[in-house]
> 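Can you keep this structure in mind? I'll have questions shortly.
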Amino acid sequence: MFPTPIERRSRTAQITYKALVPIVLVLWLLPLIAVALFSVRPSIDFTNGNYWGVPSSFELFTNYSKVFFDSDMPQYLWNSFLITVPTVVGAVALSCMTGFALGIYRFRGNLFIFFMFIAGNFVPFQILMVPVRDLTVNAGLYDTKLGLVLFHVAFQTGFCTLFMRNFIRALPYELIEAARVEGVKEWRIFWFIVLPLMRPAIAALSVLIFTFIWNDYFWAVVLTQGPDAQPVTAGITSFNSQFVAQYNLMSAGSLVAALPPVMMFFLMQRHFIAGLTLGAVK
């Protein structure tokens, strides 16, 4: 049912595996490497057709200084942080409470409520584009960071609840019963017993949601316009129109926009892996 671990394969298979891993890694990173090389080239290299050769000069500081000081990129980045961080906090906090309620309490309709939470994840976003936009317009939240935050929290809470509920159900239920026997109130059970055990799951889920929201482009274009509210993914479009055919500057701006989620993952890598693998083995 499961593939044989590479350590148990033949010597030839192990050598082939070790030889192919760096090749596949280079092929996987090739687009990113190309963008990184483009970001340090002068614009004259693109005019002369020097795409893959040695740069005629290295314009690292020049290109990136133009990205930060001659465009609205800092505003777009700040907007993304103001949208992403509250969304992560709100979605994870709500899912911790809903996951606790659906994972701990056994009552009639538990599964129905659980399915209602996750049902929205199966609806294509394109179908919801018009009603969601009309809702934000009528509520006075169109082209605002608050509107985008509330929308993302509402939609991400379903997936987060699925994640947290399944994680909580894997915890030893005897801990909850022992606390109840001692007369501990339910909110104290959640805060002092369950929540500390959920830290790996919270860390893993925070990294996932941070990446999802930061990289969101569809709803950023549908629900915002202009540099006052647009996150960096939507702002890149305006950025490209500002620096038409200046691929070095567009590459530099794309790398700057991609760095925060990458840094977030590496900072939380240990907790992220622990949260995903906890409970995978006995």
> Between Thr211, Val85, Val92, which is the residue that forms a side chain to side chain contact (heavy atoms under 4.5 Å, CB included) with Ser206?
Val92

> Does the plane of the ring in Phe125 sit parallel, tilted or perpendicular to the ring in Phe155? Use 30° and 60° as the thresholds.
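Rings of Phe125 and Phe155: perpendicular, as their planes differ by over 60°.
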
> Any donor-acceptor pair under 3.5 Å linking the side chain of Asn63 with the backbone of Glu59?
yes

> Same cluster for Leu195 and Leu171 if Ile/Leu/Val/Met/Phe/Trp/Tyr side chains link at under 4.5 Å?
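In one cluster with Leu195: Leu171, yes.
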
> Can you say whether the rings of Phe81 and Trp214 are parallel (under 30°), tilted (30 to 60°) or perpendicular (over 60°)?
perpendicular

> Report yes if some heavy atom in the side chain of Phe159 is under 4.5 Å from a heavy atom in the side chain of Ile118; otherwise report no.
no

> Could you measure the distance from the CG atom of Leu25 to the CG atom of Leu30? Nearest 0.5 Å is fine.
11.0 Å

> Ring centroid separation for Tyr247 and Phe46, is it under 6.0 angstrom?
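Centroid separation for Tyr247 and Phe46: below 6.0 Å.
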
> Are any non-hydrogen side-chain atoms of Phe151 and Thr136 less than 4.5 angstrom apart?
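No, side chains not in contact.
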
> Calculate, to the nearest 0.5 Å, the distance between atoms CG and CG belonging to Leu162 and Leu205 respectively.
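If I round to the nearest 0.5 Å, the distance is 10.0 Å.
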
> What pairs of donor and acceptor atoms, side-chain ones from residues 105-115 against any protein atom, are under 3.5 angstrom apart with sequence neighbours left out?
| residue | atom | partner | partner atom | Å |
| --- | --- | --- | --- | --- |
| Tyr105 | OH | Glu186 | OE1 | 2.7 |
| Arg106 | NH1 | Gly103 | O | 3.4 |
| Arg106 | NH1 | Ile104 | O | 3.0 |
| Asn110 | ND2 | Leu102 | O | 3.1 |
| Asn110 | ND2 | Tyr105 | O | 2.8 |

> Quick one: pull up CD1 in Ile193 and CE in Met198 and give me the separation to the nearest 0.5 Å.
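Here the rounded value is 13.5 Å.
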
> Using a 3.5 Å distance criterion without hydrogens, assess whether the side chain of Asp216 forms a donor-acceptor pair with backbone atoms of Ala220.
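The answer is yes, because a donor-acceptor pair under 3.5 Å joins these two groups.
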
> Are any of the side-chain heavy atoms of Ser80 and Pro260 separated by less than 4.5 Å?
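No; the side chains remain at least 4.5 Å from each other.
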
> OG of Ser95 to CD1 of Ile202: how many Å apart, nearest 0.5 Å?
8.0 Å

> Do Phe218 and Met129 touch side chain to side chain, with heavy atoms closer than 4.5 Å?
yes

> Does a sphere of radius 6.0 Å around CZ in Phe266 hold more than 12 heavy atoms from other residues, nucleotides or ligands, not counting ones at 6.0 Å or beyond?
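Count not over threshold, so no.
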
> Would you kindly confirm whether Ile83 and Trp78 end up in one hydrophobic cluster when ILVMFWY residues are joined by side chain heavy atoms under 4.5 Å apart?
no

> Using links of under 4.5 Å between side-chain heavy atoms of ILVMFWY residues, direct or through other members, which residues join Val221 in one cluster?
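Members besides Val221, by chain and number: Tyr217.
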
> Would you kindly confirm whether Leu175 and Phe100 end up in one hydrophobic cluster when ILVMFWY residues are joined by side chain heavy atoms under 4.5 Å apart?
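Yes: a chain of side-chain contacts under 4.5 Å links Leu175 to Phe100.
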
> Search all heavy atoms of Pro86 against all heavy atoms of Val149 and return the closest pair with its distance.
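Closest heavy-atom pair between Pro86 and Val149: CB-CG1, 4.0 Å.
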
> How far does CG of Asp45 sit from CG of Asn248, to the nearest 0.5 angstrom?
8.5 Å

> Counting only pairs under 3.5 Å, give me each side-chain donor-acceptor contact of residues 138-148, with atom names and distances, residues two or more places apart or in other chains.
| residue | atom | partner | partner atom | Å |
| --- | --- | --- | --- | --- |
| Asn138 | ND2 | Asp134 | O | 3.1 |
| Asp143 | OD1 | Gln225 | N | 2.8 |
| Thr144 | OG1 | Leu141 | O | 2.5 |
| Thr144 | OG1 | Gly147 | N | 3.1 |
| Lys145 | NZ | Asp228 | O | 2.9 |

> Is Phe212 linked to Leu259 within one hydrophobic cluster, defined over Ile, Leu, Val, Met, Phe, Trp and Tyr using a side-chain heavy-atom separation of less than 4.5 Å?
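Per the 4.5 Å side-chain linkage, Phe212 and Leu259 are not co-clustered.
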
> Measure the shortest side-chain to side-chain distance between Tyr76 and Thr233 over non-hydrogen atoms and say whether it is less than 4.5 angstrom.
no

> Under 3.5 Å, side chain of Arg133 to main-chain N/O of Leu128, donor-acceptor pair present?
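Side chain of Arg133 to backbone of Leu128: no pair is present.
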
> State, to 0.1 Å, how close Cys96 and Phe190 come at their nearest heavy-atom pair, and which atoms those are.
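Reported closest heavy-atom pair: O-CE1, 3.5 Å.
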
> Does OH belonging to Tyr17 count more than 12 external heavy atoms closer than 6.0 Å?
no

> Tell me whether Asn50 contacts the main-chain N or O of Gly53 through its side chain, where contact means a donor paired with an acceptor under 3.5 Å.
yes

> Leu249, Leu255: one ILVMFWY side-chain cluster at the under-4.5 Å cut-off?
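In one cluster with Leu249: Leu255, yes.
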
> Between Arg165 and Thr98, is a side chain to side chain contact (heavy atoms under 4.5 Å, CB included) present by the stated rule, with each step listed?
CA-CA 8 Å; Arg165 183 256 190 187; Thr98 55; over 6 Å; no

> In the structure I gave you, are the side-chain heavy atoms of Ile209 and Cys160 within less than 4.5 Å of one another anywhere?
yes

> So, for Phe163 and Ala204, which heavy atoms are closest and what is the spacing to 0.1 Å?
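In terms of heavy atoms, the two residues are closest at CZ-CB, 4.4 Å.
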
> Measuring from Met164:CE to Phe117:CZ, what's the distance to the nearest 0.5 Å?
13.5 Å

> Using every non-hydrogen atom in the two residues, find where Ala91 and Thr157 come nearest and quote the distance to one decimal.
CA-OG1, 4.1 Å

> Are Val222 and Val132 packed together at the side-chain level, in the sense that at least one heavy-atom pair is separated by less than 4.5 angstrom?
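No, every pair of side-chain atoms sits at 4.5 Å or beyond.
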
> If every non-hydrogen atom of Lys18 is compared with every non-hydrogen atom of Pro22, which pair is closest and at what distance?
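Here Lys18 and Pro22 meet closest at O-CD, 3.0 Å.
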
